[in-house]
Protein chains: 2
Amino acid sequence: MSKVTIYDISKKLNISAATVSRALNNNPKISIKTRELVLKTAAEMNYEQNTLALALKSGKSNTVGILVPYMDRSFFSSVIRGIEEELYPHGYHVIICQTRDDAKSEVQNINTLLNAQVDGIFMSVSKTTKDTLHIDRVLRKGIPLVFFDRKKNLPGVSSVTIDDFNGAYMSVEHLIRQGCKRIAHFMGNINLEIYKDRYNGYLKALTDYNLPYNKEYIIQTNSKVESGTAAVKKLMKLAEPPDAIFSSSDFTALGAIQELKKIGVSIPEDMCVSGFSNESFTQYTEPTMTTVDQTPIKMGKMSARVFLEQMEGEVSVTIEKKVVLSPQLIVRDSSDRSKK
Amino acid sequence: MSKVTIYDISKKLNISAATVSRALNNNPKISIKTRELVLKTAAEMNYEQNTLALALKSGKSNTVGILVPYMDRSFFSSVIRGIEEELYPHGYHVIICQTRDDAKSEVQNINTLLNAQVDGIFMSVSKTTKDTLHIDRVLRKGIPLVFFDRKKNLPGVSSVTIDDFNGAYMSVEHLIRQGCKRIAHFMGNINLEIYKDRYNGYLKALTDYNLPYNKEYIIQTNSKVESGTAAVKKLMKLAEPPDAIFSSSDFTALGAIQELKKIGVSIPEDMCVSGFSNESFTQYTEPTMTTVDQTPIKMGKMSARVFLEQMEGEVSVTIEKKVVLSPQLIVRDSSDRSKK
DNA sequence: TAATTAAGCGTAATCGATTACAAAAATTTC
DNA sequence: GAAATTTTTGTAATCGATTACGCTTAATTA
């Protein structure tokens with residue numbers, strides 16, 4: 001049960017703890033002889049730096065917090081992985097919190113992270129978050145904050161997102177090229193920018209290709225599977241049902257596919273379906289699902305880099321960087337009419 | 001940018017920091033009048049306890065580490081959630097590390113966690129882990145360790161697992177009751193106890209129901225989808241292919257279903273398929289997949305409770321507790337012949 | 001060789017909170 | 001009202017590492 005401190009080393013060598021500390025930190029103001037001796041002795045004694053003492057002294061915990069709605073969605077877990085991989089070599093650890101899309105839990109988790117004295121916070125805001133008092137608290141404390149994917153537009157805060165507008169545009173354009181003329185849209189919670197952007201990308205594509213806008217084709221959904229099945233039921237009751245669905249979420253698209261198969265609508269012949277996020281299950285559905293990849297690992301790495309830049313710069317200078325990554329359309333069977 | 005310490009409070013009130021500390025900690029050796037005054041002033045000044053200082057003083061970081069092979073599998077992320085929910089009220093944070101089933105990464109992550117001075121470690125060992133030197137280091141340091149699901153049998157270490165033997169037995173028994181007589185098994189890495197137990201449960205069920213054991217029906221797989229498709233290809237080449245598959249993993253079962261559909265074998269009529277873990281995609285496959293639920297949230301909560309028990313007990317007493325939970329068979333379409 | 005400069009190391013303060021021990025104040029007892 | 005007791009508060013050490021400042025030496029320069 002080791003608890004070797006620099007004092008133990010200093011006693012053994014009859015030198016001061018300061019010298020030991022300097023030797024261990026490669027401080028130039030130390031003779032090579034002493035440094036080697038200390039290093040050797042430290043190794044022999046199995047010395048390990050007490051990170052808690054270091055944290056107290058430096059005021060840096062070397063820990064960052066990541067706040068996501070759901071950590072078991074492949075999109076979010078991949079972003080987390082990206083952040084981890086980038087931050088790991090810099091000596092940071094990661095604390096992960098889930099909000100489960102609940103604003104209250106978000107506030108609570110922010111408090112937890114602040115209490116843990118994290119050096120930075122990465123977050124994707126919850127669907128239900130309205131006010132930003134808890135976020136203001138983070139900023140007032142001068143703790144670097146980076147939004148990824150789901151952001152709030154706040155001055156002085158960096159963010160890494162994808163071009164949701166373009167992702168949507170590409171999807172709808174693809175559907176149009178498959179010959180679809182009546183394209184429905186499963187819209188996410190408009191409280192979040194990403195869903196607003198996807199909706200606007202959808203609109204722009206319709207306009208550019210001279211397709212009519214039909215209000216009945218816009219269905220409000222909540223990125224749950226059941227929400228997708230319900231939406232399809234609604235759409236199929238219309239006098240003229242759509243011939244394609246552009247869903248803002250893979251989950252609702254999945255629900256749609258299930259319901260369409262159930263009522264005998266063939267995909268993609270009678271109806272093309274496309275989702276958003278490239279969740280891992282999209283490659284297992286039948287038919288496999290067309291979707292938009294959000295390059296989550298890259299998003300995580302970029303977020304981490306933005307954070308590191310902030311940390312390495314001057315304390316007083318706040319860097320506000322808005323990184324926008326390009327999404328990638330992944331065409332699969334649920335919308336690919338060329339195969340048959 | 002607040003940085004209020006107990007010294008700031010003590011100066012303001014012209015009392016000693018010790019008194020402030022005592023008041024804040026509800027120490028009985030303090031007059032009610034002073035306590036109230038301190039509490040009120042602390043609130044006014046927005047005092048927040050410096051957890052790093054507390055950690056250094058107490059030697060407790062109030063952080064635990066969780067080590068899993070993959071954090072984006074619903075089984076593991078649910079266990080993590082269970083641990084979090086149970087530990088949260090006790091003031092612990094959680095650092096999550098992924099090994100991606102790589103033994104080297106496991107060693108490295110253990111070091112990272114020890115370096116972060118976690119108060120305890122929860123882990124599910126990686127598939128490739130052979131020796132346990134890194135685990136011994138944890139034990140030698142006296143840091144409570146709890147295995148969940150995938151354990152190593154080490155003296156003095158607690159574990160929370162499910163009864164894999166019985167989970168397998170129930171599955172195979174169910175297949176037999178569906179009329180299956182030639183049941184194949186996708187076996188996982190025998191290096192892990194869980195897969196050994198599942199295999200033995202499979203064997204016992206065959207024996208109990210007087211079904212012959214066919215060595216050709218045992219396929220070594222690696223819980224990847226492709227491994228399942230390959231296994232099916234192998235099985236279908238046999239003179240007498242099986243009429244059921246009991247897979248030790250949902251992923252390989254998924255591969256099997258995909259391949260079977262491709263070659264025109266109907267499920268469950270010609271072949272019943274069952275998986276293991278109740279991954280969330282199993283309810284979306286076509287047909288939906290029979291599987292075994294491992295009650296992961298409960299597993300997480302139990303693990304946390306075992307840890308808390310160890311923490312609350314005497315330091316010198318090591319509690320070794322082996323908790324075994326009951327798995328739950330979930331029958332779905334891939335093995336349910338009663339419907340048709 | 002004396003004077004100047006630099007290198008190497010030690011002393012002690014610091015980060016913020018807790019707590020054993022001691023001292024002061026308040027209360028009780030006779 | 002003095003002594004004994006109890007309650008309340010203060011002093012100072014502690015957790016382990018870092019670092020400004022200053023003091024010895026050794027090296028350099030004149």
Side-chain angles (χ1 to χ4, degrees), chain A residues 1-39 41-42 45-63 91 114-119 141-142 315, chain B residues 1-39 41-42 45-63 91 114-119 141-142 315:
Chain A
M1 217 177 283
S2 67
K3 267 289 159 98
V4 182
T5 72
I6 53 170
Y7 296 97
D8 298 323
I9 300 177
S10 76
K11 257 177 230 150
K12 181 151 191 179
L13 296 180
N14 253 332
I15 55 179
S16 76
T19 304
V20 175
S21 172
R22 281 190 274 250
L24 292 171
N25 288 290
N26 281 320
N27 189 310
K29 297 180 165 196
I30 211 102
S31 75
I32 299 170
K33 212 189 296 176
T34 333
R35 188 206 321 274
E36 310 260 282
L37 181 64
V38 170
L39 255 40
T41 314
M45 298 175 75
N46 284 318
Y47 168 77
E48 283 171 21
Q49 194 185 44
N50 185 321
T51 51
L52 298 177
L54 183 60
L56 172 60
K57 179 65 182 157
S58 67
K60 273 194 60 182
S61 64
N62 279 300
T63 303
L114 290 178
N115 202 248
Q117 281 163 278
V118 294
D119 295 336
K141 289 200 163 212
V315 180
Chain B
M1 215 179 283
S2 68
K3 268 288 159 99
V4 182
T5 72
I6 53 170
Y7 296 97
D8 299 324
I9 300 177
S10 75
K11 256 175 231 153
K12 181 154 192 174
L13 296 180
N14 253 335
I15 56 179
S16 76
T19 305
V20 175
S21 173
R22 281 189 275 250
L24 292 170
N25 287 290
N26 280 322
N27 189 312
K29 300 181 165 194
I30 208 101
S31 73
I32 299 170
K33 211 188 300 175
T34 348
R35 188 205 323 272
E36 310 261 282
L37 180 63
V38 170
L39 255 37
T41 314
M45 297 176 77
N46 284 318
Y47 168 77
E48 284 171 21
Q49 194 185 44
N50 185 321
T51 51
L52 297 178
L54 183 61
L56 172 60
K57 180 67 180 152
S58 66
K60 273 194 59 182
S61 64
N62 279 301
T63 304
L114 291 178
N115 202 247
Q117 280 161 278
V118 295
D119 295 337
K141 288 201 164 210
V315 180

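At distances below 3.5 Å, at least one donor-acceptor pair connects side-chain atoms of T51(A) with backbone N or O atoms of N115(B). T41(B) contributes a side-chain N or O that, together with a main-chain N or O of L37(B), makes up a donor-acceptor pair within less than 3.5 Å.
Separating the CD atom in Q117(B) from the CD atom in Q49(A) is a distance of 9.0 Å, to the nearest 0.5 Å. A distance of 10.0 Å separates CD1 of I30(A) from CG of N25(A), quoted to the nearest 0.5 Å. The distance from the CG atom of L56(B) to the OG atom of S61(B) is 12.0 Å, given to the nearest 0.5 Å. Interatomic distance, K3(A) NZ to N50(A) CG, rounded to the nearest 0.5 Å: 6.5 Å.
Atoms NZ (K57(B)) and C1' (dC15(D)) sit 5 Å apart, rounded to a whole Å. L24(A) places its CG atom 8 Å from the P atom of dT18(D), with the value rounded to the nearest Å. When the P atom of dA17(C) is taken as reference, atom CD1 of I6(B) falls 5 Å away, rounded to whole Å. The distance between atom NZ of K3(B) and atom C1' of dG16(C), rounded to the nearest whole Å, is 10 Å. Between K60(A) atom NZ and dA17(D) atom P the separation is 18 Å, expressed in whole Å. With rounding to whole Å, N62(B) atom CG is found 20 Å from dC15(D) atom P. To the nearest angstrom, P of dA17(C) lies 15 Å from CG of L52(A).
Contact annotation: Y7(A) side-chain N/O to dG10(C) OP1/OP2 distance is not under 4.0 Å. Applying the 4.0 Å criterion to OP1 and OP2 of dG16(C), one finds that Q117(A) has every side-chain N and O outside that range.
L13(A) is listed as a side-chain neighbour of V38(A), based on a closest heavy-atom distance under 4.5 Å. Inter-residue side-chain proximity for N26(B) and R35(B) is flagged as met; some heavy-atom pair is nearer than 4.5 Å. Side-chain atoms of L24(B) and L39(B), non-hydrogen and from C-beta on, do get closer than 4.5 Å to each other.
The local environment of NZ in K60(A) is crowded, with over 12 non-hydrogen atoms from other residues, nucleotides or ligands closer than 6.0 Å.
Taking five base pairs at each end of the helix from dT1(C)-dA30(D) to dC30(C)-dG1(D) and finding the rotation axis that steps the C1' atoms of four pairs onto the next four gives two axes whose angle is 50°, to the nearest 10°.
The side-chain contact (heavy atoms from CB on, under 4.5 Å) test with R22(B) is passed by exactly one of I6(B), T34(B), N27(B): N27(B).
Near-neighbour residues of DNA chain D inside residues 11-22 of chain A, defined by a heavy atom below 4.0 Å, number-ordered: A18(A), S21(A), R22(A). Interface residues of residues 25-39 of chain B facing DNA chain D, ordered by number: K29(B), I30(B), S31(B), T34(B); criterion, heavy-atom separation under 4.0 Å.
Within the nucleic acid shown, L54(B) comes within 4.0 Å of sugar-phosphate atoms alone, with no base atom in reach, counting heavy atoms only.
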